[in-house]
2 protein chains.
Amino acid sequence: MLKEERQHIILEKIQANNKVHSSTLSEILNVSEDTIRRDLKDLAEQGYIKKVHGGAMANPNLPKAKIDHNISKQTERTIIARKAASMIEDHQVIVLDGDLTNLMLVESLPKDLNLTVFTNSLRIASLLCEYELVETIFLGGRVSRQTQSTMGMEVINSLSDIHADFSFLEINSLHEELGITDGDRENAFIKKSIIKSSSQVIALCLSDDIGNIQPFKVGQINWVHSLITDLDPDDPKLNRFRNKGIDLK
Amino acid sequence: MLKEERQHIILEKIQANNKVHSSTLSEILNVSEDTIRRDLKDLAEQGYIKKVHGGAMANPNLPKAKIDHNISKQTERTIIARKAASMIEDHQVIVLDGDLTNLMLVESLPKDLNLTVFTNSLRIASLLCEYELVETIFLGGRVSRQTQSTMGMEVINSLSDIHADFSFLEINSLHEELGITDGDRENAFIKKSIIKSSSQVIALCLSDDIGNIQPFKVGQINWVHSLITDLDPDDPKLNRFRNKGIDLK
DNA sequence: TCAATATCTGCACATATACGCACAAAAACA
DNA sequence: TGTTTTTGTGCGTATATGTGCAGATATTGA
């Protein structure tokens, strides 16, 4: 019997009875209780169930927004997220757009930070619910299934009514002359609005995306105040941006 | 019997009767009174109940999050959610507020439904991303950590700009004379706005909550078009609503 | 006040769990 | 193909947890 298969059966049992005993599972599935316990631990860590002494129960808190760590370029993104997180301090007001790196940024934040965050990402907003001192304001609008974030005029409207200290934007294409571009028209609009609504723009950019050009213009290169990449700030590849007075992290 | 399981049963007993005696619990659950006392102590420390000499009472100022958090009444909620889901048809425009039963409603929806949904619940919006044909519009605003849904003026503003065919509202307190009330002022506001923004109001109400009165008024009883409970529609307990012309499901 | 109950404390016992280890099966790699 | 690495499993042991019991103490209500 495959591990996954077993865990599936366990989940079904829990859904049906709301609880399971390790001992009965061990009997039914013909594996040691140790194995069952390991399965339960797995499932609990993934948030599917709640482990208790003697077995497990259905998870009372629902599907938490979780980050699947099978993201491409995970290492690079982690580096960027950490650098970005270290720039955030108590009492700042920031905007986080709905891209992956920002999600990882939130994961790297210390839990005792006192912040005001504007975001259009369902997952970021969900994650931030675990931060006692963070005031989250969600930018409403039409929800895009792919990104689990809101889009459209309503988001732009809401953004026009706010002002933040910093915005953190994942940039898919950063070119020294043509500036920031994006492959999605709506996304480009949103990013542009976010930039306009904040004093300082922190661009999060994978080094592979430097030099890219995409169809929709977001903004000029000098709109970026700081550029965070997975490279060392002194890396020669970044020279072309250093010369433009952009603060490299 | 698992400890957690026992404690759930105790919680449900308390929610139903508002009080319990250690001695009767010991009898029902077949454990020593010592164990019951330890359970009650646990639950009291977590803030779910108030321990008193001889047993325990419901905690009068139990934060709303704790109630949701606790899967009690899961069976009842499932019944309600299923009935509600069966009322939803292709091409409808509906509003779902952020309460637990609505989340379960979404879980019971067939995946091929073609809908427009307005919601202020992060979890509902997230779930709906799995529905190819559902257009979700999220009502932005300040995010409440406990409920993972947005609150405040912005939500009310957004609601004033929309109109839906149906709204599904979880009702915590439904009284034949005093109508719908709620224990939370903001929540009451939101519910009132949702009602105003839709042609028909479908009230989802646990049978235990019928007859309750809470401090903040949401609306009159005749604002409700359909009432879905965990009871049979012909149950005599519902007569007082039948007489008012409310459609019982 | 007294008697009846409820509660607390320390203890013993059974059971569940974590940890390190060994070993087999599967997967990755040269 | 054969070899190395990873993953999954079971076992023994030390530890932690949950439970019931006895005796001391506190609370309740007449």
Side-chain angles (χ1 to χ4, degrees), chain A residues 1-61 64 66-76 78, chain B residues 1-60 62 66 69-72:
Chain A
M1 159 144 348
L2 301 167
K3 188 177 70 148
E4 324 291 333
E5 194 184 346
R6 212 174 42 229
Q7 298 193 349
H8 208 261
I9 296 176
I10 295 177
L11 275 182
E12 281 179 5
K13 266 244 166 294
I14 292 184
Q15 272 204 310
N17 305 77
N18 212 41
K19 55 147 196 208
V20 280
H21 294 257
S22 314
S23 53
T24 56
L25 282 177
S26 150
E27 228 172 277
I28 297 169
L29 301 168
N30 264 317
V31 288
S32 75
E33 291 199 26
D34 272 86
T35 302
I36 296 295
R37 261 193 291 277
R38 277 185 275 242
D39 284 341
L40 296 180
K41 197 174 158 215
D42 269 15
L43 293 170
E45 274 167 10
Q46 289 171 62
Y48 290 115
I49 61 171
K50 187 176 148 214
K51 221 177 119 13
V52 298
H53 196 93
M57 310 255 314
N59 189 347
N61 346 294
K64 258 190 270 173
K66 277 199 301 119
I67 301 182
D68 45 346
H69 281 283
N70 309 335
I71 308 165
S72 68
K73 311 257 177 68
Q74 218 219 319
T75 334
E76 289 85 348
T78 309
Chain B
M1 154 132 6
L2 300 167
K3 186 180 66 146
E4 274 70 12
E5 192 186 349
R6 211 175 42 228
Q7 299 190 350
H8 271 298
I9 296 176
I10 295 177
L11 272 183
E12 285 185 17
K13 268 250 167 294
I14 292 182
Q15 279 195 333
N17 304 53
N18 213 46
K19 59 162 189 198
V20 280
H21 293 262
S22 314
S23 53
T24 56
L25 283 177
S26 152
E27 228 172 277
I28 297 169
L29 300 168
N30 263 316
V31 287
S32 74
E33 290 198 29
D34 276 83
T35 301
I36 296 295
R37 263 192 290 277
R38 276 185 275 241
D39 284 341
L40 296 179
K41 197 173 157 218
D42 269 15
L43 293 170
E45 273 167 10
Q46 289 171 63
Y48 287 111
I49 61 172
K50 195 175 134 213
K51 218 168 122 9
V52 295
H53 196 92
M57 311 257 310
N59 186 344
L62 180 64
K66 292 256 176 192
H69 191 270
N70 155 2
I71 48 163
S72 77

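So you know, we letter chains A, B, ... as the sequences are listed, proteins then strands, and number each from 1.
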Closest to side chain of [X], choosing from [options]:
X       : options               : value
B/Lys3  : D/dG18, D/dT9, C/dC19 : D/dG18
B/Glu33 : D/dG12, C/dA6, D/dG18 : C/dA6
A/Arg37 : D/dC21, C/dA18, D/dG8 : C/dA18
A/Thr35 : D/dG20, D/dT9, D/dG12 : D/dT9

Distance, rounded to the nearest Å, where [X] contributes [atom1] and [N] contributes [atom2]:
X       : N      : atom1 : atom2 : answer
A/Arg38 : D/dC11 : CZ    : P     : 11 Å
B/His53 : D/dT28 : NE2   : C1'   : 6 Å
B/Leu2  : C/dT15 : CG    : P     : 15 Å
A/Gln7  : D/dT7  : CD    : C1'   : 13 Å
A/Ile36 : C/dA18 : CD1   : P     : 14 Å
A/Asp39 : D/dG8  : CG    : P     : 10 Å
B/Leu25 : C/dA6  : CG    : C1'   : 14 Å
A/His21 : D/dT17 : NE2   : P     : 20 Å

Classify the side-chain pair B/Ser26/B/Ser23 by whether it contains a donor and acceptor separated by less than 3.5 Å.
-> no

Indicate whether OP1 or OP2 belonging to C/dA16 is found under 4.0 Å from a side-chain N or O atom of A/Lys51.
-> no

So does A/Ser22 get a side-chain nitrogen or oxygen closer than 4.0 Å to the phosphate oxygens (OP1/OP2) of C/dA16?
-> no

Pair A/Asp39 + A/Arg6: basic N to acidic O under 4.0 Å | yes

Return yes if some donor-acceptor pair links the side-chain N/O of B/Ser22 with the main-chain N/O of B/Gly54 below 3.5 Å, else return no.
-> yes

Would a distance-only check, ignoring hydrogens and angles, find a side-chain to backbone donor-acceptor pair under 3.5 Å from B/Asn59 to B/Gly47?
-> yes

Mark yes when over 12 heavy atoms from residues, nucleotides or ligands other than B/Lys50 sit less than 6.0 Å from its NZ; otherwise mark no.
-> no

